[in-house]
Number of protein chains: 2
Amino acid sequence: MTSIKDIAQRANVSTATVSYVLNGTGNISEKTRARILQVIEAMNYQPNHIAKSLKLKKTKTIGVVVEDVTSFNSAEIIDGINEYAEDHGFSLLLTNMRVLKRLGNERIDTEHVRQLAPSAIKEILSKKVDGLIYIGIHTRDVTGIIPDNALPTVYTYCYTTNERDFFVNYNDHLAAYEATTYLIRKGHRNIAVISGLFNSNPSRERFNGYYQAIMDNQLVFDPTIIKTGDWEFESGRRFTAELLGADEPPTAILAMNDIMAAGAMSACAEQGVRVPDDISIVGFDDREFSSYLNPKLTTMRLPLHEMGVEAMRSLTDLLSQSGDVEKDKKLQCTLIERNSVAPAKSC
Amino acid sequence: MTSIKDIAQRANVSTATVSYVLNGTGNISEKTRARILQVIEAMNYQPNHIAKSLKLKKTKTIGVVVEDVTSFNSAEIIDGINEYAEDHGFSLLLTNMRVLKRLGNERIDTEHVRQLAPSAIKEILSKKVDGLIYIGIHTRDVTGIIPDNALPTVYTYCYTTNERDFFVNYNDHLAAYEATTYLIRKGHRNIAVISGLFNSNPSRERFNGYYQAIMDNQLVFDPTIIKTGDWEFESGRRFTAELLGADEPPTAILAMNDIMAAGAMSACAEQGVRVPDDISIVGFDDREFSSYLNPKLTTMRLPLHEMGVEAMRSLTDLLSQSGDVEKDKKLQCTLIERNSVAPAKSC
DNA sequence: TTGTAAGCGTTATCAT
DNA sequence: ATGATAACGCTTACAA
C-alpha cells in the first residue's frame, strides 16, 4: 500500500507537508500543494484510517449495538443511521446480539440480555468506536446493559433510567389518540381494542391515548371490549372471535400491532364478517405485509427511519458537543389510510 | 485508557513480556505470567485493536457491503454472517448502499449501482478490512461493482463473471422442481405459474425446474397457464383473475414469490374461490407475512441465514487459506407446508 | 513555507 | 526467560 511517505518522497517534500495538504491544515504554497495533489492522484493514494485513528484517538466509526437485526424494526433504523452517518463521514461497526435466536421472544428481559451483552460490548470498545447507538427490540427499559462509563450512547426503540443517556423514540400516546380519533370521525362509537401485553410501556401508553380520545369525544368507555393480547397473530384471532360473538359487536377494532390486526382479519373471514363493510380494523406498525392483506390494512406507521437519523444526529452532536442535545426525543407516527376502515353505518 | 505500558510498569517487566503473555507467544515463566495476568485483571486492561491492527496489518474485521439493508433478504443474511463472525473473532463493518431508496426498485441494474459503489468501497478500503462480503438485492450479475483488485470477496444473493470471486446462493432450479413435484403428488395436473420478470435468472431457473417436474411426471405442458408477472402484488392479483376466468381453470398456482402469491389469494377472495378448497397456491421466499395470510401460505423457504453463515465461512477460509474453498456454493430451499394447498379433487 | 521528530499502542527481532 | 527497540502510517508541536 502506498503511504504518505511514498508521496513525500516522490514529491520531494516531507511527510508533514503531505499531511498538511491532505488535511487542509498548515500553510502550503499553491505550487507545492498542486504538485503533491498530483502525485497523490498518480499513485492512487488512499489514507490509512487505522494509523490516523491511532494517532488521533478518534476512529470516526460508531458502534451500532442491535439486540437483533432480524427484528422488524432494526433494518429501517439502521438505514436511517446510515443515511446520516454517511453524510458525516462516519462508518458503522455492527454488533448483533441475536437475542431472538438465542433467547426466544419470551425471555427478552433485561436480565437475560445483560448476560449476552458484556462480551459484545467489550469487543466493540476494543475497536475504539467514538460512540454507541443501541437499538432495542421492544420499547422497554434496558438500564444496565451497557456499562455506564462506556461511551457517549444514544438509545433508540428502548430507554434507560440513566441520567446521562439519550433516547429517541416515538410518541405512543399520540399515535393511539390519533388512530382512535380517526375511527371516531368515521362515525364509530363502539371501538374495541386488542392491546399488547400490559407489562409493556407501549401498551399502556397506547391504551391511555385511546382512552383519552374516547373521553375527549364524550363517548362511553366500555371495558368489556378491551382485550389484552400478546402481540401474536393467534391472540388477535381469538379475541376478535370473542368480540364478534357479542350481542352487539363493536363496529371497529384498534389492534396494537399489524400482526394481531392480521389475526383479527382472519377471524372475520372465518365468521363471514366483511372488512371493512361489517367491521373496521386499524393496525399499528405499518409492517410491509399490511398492504398484502385483504383488504389492505389501515395502520399507524412507526417513524423508524427517522428514528435512526435522529439517533445518529444526536450522537454526532454529542461527540462534537455542538449545542445541547435533546435528551428524550419523541417522533410522531403517521396514519396510513388503506382499505380496512369504512364509515360506521348510520344508526 | 490503560495500555500495555502501564501493565509492564506495574508488573516490573518490559512491554514485550506483557505482549508475550497476552498472545501466548514467547516463553514466559509461570510466575511472571501469573503476576502479569493479575495486574491485567486489576487494571481492567483492554487491548487496543487499533494499535494492533496497525502493527499487524490485519484488522479482524470484514466489510459487509449490502445493496440495501432494508431489502427482505438482507437482515437474515447479516444475522448468519454475524453468527459465524462472532465465533471466529471477526467484527463487521457495515456499508449500506441504500439503492432502494436512492434508485427505486426499477433501476437496480448494475450500471446504476456501479455509480454508487466507488465512494462506499473507497471508504471501506481505507478502514482496512480484511475481506468483503457483498450482499445483493436480487440474484443477478453484479460484475464490476467492486474493483477486481480490491480484497478477498465473497458474493451472496448475487454473482459475478469474475474468475477470482466466490459466491454462495441457493438452488432455484431444484426448489421449483420440488415445489412443483409437491403439487403433483397432491394430485394436481393443471399447475399454473406466475413467474417473475424473465430477464431475471431466478425466474428462468425456477421455470426450468417447474418444466422438468412437469416432464418427469409425464404431464402435459400448457403454455397458456404460464404468466409472466413482475414480482409485485398487483401482477399476482391480475394474472390470477385471468387464470380463474378460463373455461377450465388450473387447480393450483405456483407463484415465484410470496408477494405475488398474496396477490393471487386476494384475487381468489374477490371472486369467491376458496383457497385451498377450490385452488391451491404455493409461494416462494417464506416471507414473515406468509403465515399471517388467510389461509397461511405454503411456500419455499430461502436459506438466507445459512447463506450468511456459508459466505462468512468461505471468506474466513479464504483469509486463512485453509484448504480450498468452493467457488459457487448452492444451498437448498425447503418447503414449508401450511394451509394453502389441498389435494386435487378426484376427477 | 517547509522540515524534523516525537508519539499514538502494539508486535517481534535481536540481544542478553 | 526477559528486555531494548524499531516499526506500522499518521499528525503536530516546534524549529528552521
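Chain letters run A, B, ... following the sequence lines, proteins first, then strands; residues in each count from 1.
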Practice task
Any chance you could lay out the side chain to side chain contact (heavy atoms under 4.5 Å, CB included) test for A:S19 and A:T15, step after step, and finish with the verdict?
Solution key: CA-CA 6 Å; A:S19 177; A:T15 61; over 6 Å; no

Completion exercise
Residues of residues 28-35 of chain B with a heavy atom under 4.0 Å from any atom of DNA chain D, listed by number, are B:I28, B:S29, B:T32

Donor + acceptor pair across side chains of [X], [Y] (<3.5 Å):
X	Y	result
A:S71	A:S74	no
B:D165	B:Y134	no
B:E67	B:H138	no

Pairs of donor and acceptor atoms involving the side chains of residues 34-49 of chain A, under 3.5 Å and at least two apart or interchain, shall be tabulated with distances.
unit_1	atom_1	unit_2	atom_2	d
A:R35	NH1	A:A11	O	2.2
A:N48	OD1	A:I50	N	2.8
A:N48	OD1	A:A51	N	3.1

Practice task
Please confirm whether the backbone N or O of A:E76 pairs with a side-chain atom of A:N73, one donor and one acceptor, at under 3.5 Å?
Solution key: no

Problem - Backbone N/O of B:T59 and side chain of B:D130: donor-acceptor pair under 3.5 Å - result: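 Side chain of B:D130 to backbone of B:T59: a pair is present.
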
Fill in the blank from the handout: Per-nt protein contacts along nucleotides 9-14 of chain D (heavy atom under 4.0 Å; B base, S backbone sugar-phosphate only, - none) come out as BBBBBB

Practice task
Measure the acute angle between the ring planes of A:Y157 and A:F72, then classify it against the limits of 30° and 60° as parallel, tilted or perpendicular.
Solution key: perpendicular

Exercise for the section: Would you please classify the geometry between the B:Y159 ring and the B:F167 ring as parallel, tilted or perpendicular, with 30° and 60° separating the classes? Expected result: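 Perpendicular: the ring planes of B:F167 and B:Y159 meet at over 60°.
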
Fill in the blank from the handout: In short, the helix from C:dT1-D:dA16 to C:dT16-D:dA1 is bent end to end, axes from five pairs each side, to 10°, by 50°

Completion exercise
Contact span of DNA chain C against chain A, any nucleotide atom under 4.0 Å from a heavy atom, 5' to 3', runs C:dT1 to C:dG9

Taking distance alone, no hydrogens or angles, what donor-acceptor pairs closer than 3.5 Å link side-chain atoms of residues 87-96 of chain A to residues at least two apart or in another chain?
unit_1	atom_1	unit_2	atom_2	d
A:H88	ND1	A:Y84	O	2.9
A:H88	NE2	A:Y84	OH	3.4
A:S91	OG	B:E123	OE2	3.4
A:S91	OG	B:K127	NZ	3.0
A:N96	OD1	A:V69	N	3.3
A:N96	OD1	A:R98	N	3.1
A:N96	ND2	B:D79	OD1	2.8

Exercise for the section: Could you go through the side chain to side chain contact (heavy atoms under 4.5 Å, CB included) check for B:L151 and B:L125 one step at a time? Expected result: CA-CA 9 Å; B:L151 273 177; B:L125 292 184; 3.6 Å; yes

Problem - Reported OH-to-CZ distance for the pair B:Y20 and B:R33, which is rounded to 0.5 angstrom - result: 13.5 Å

Practice task
Mind checking B:N12 for me? I need base, sugar-phosphate or nothing, with any heavy atom below 4.0 Å counting as a touch.
Solution key: sugar-phosphate

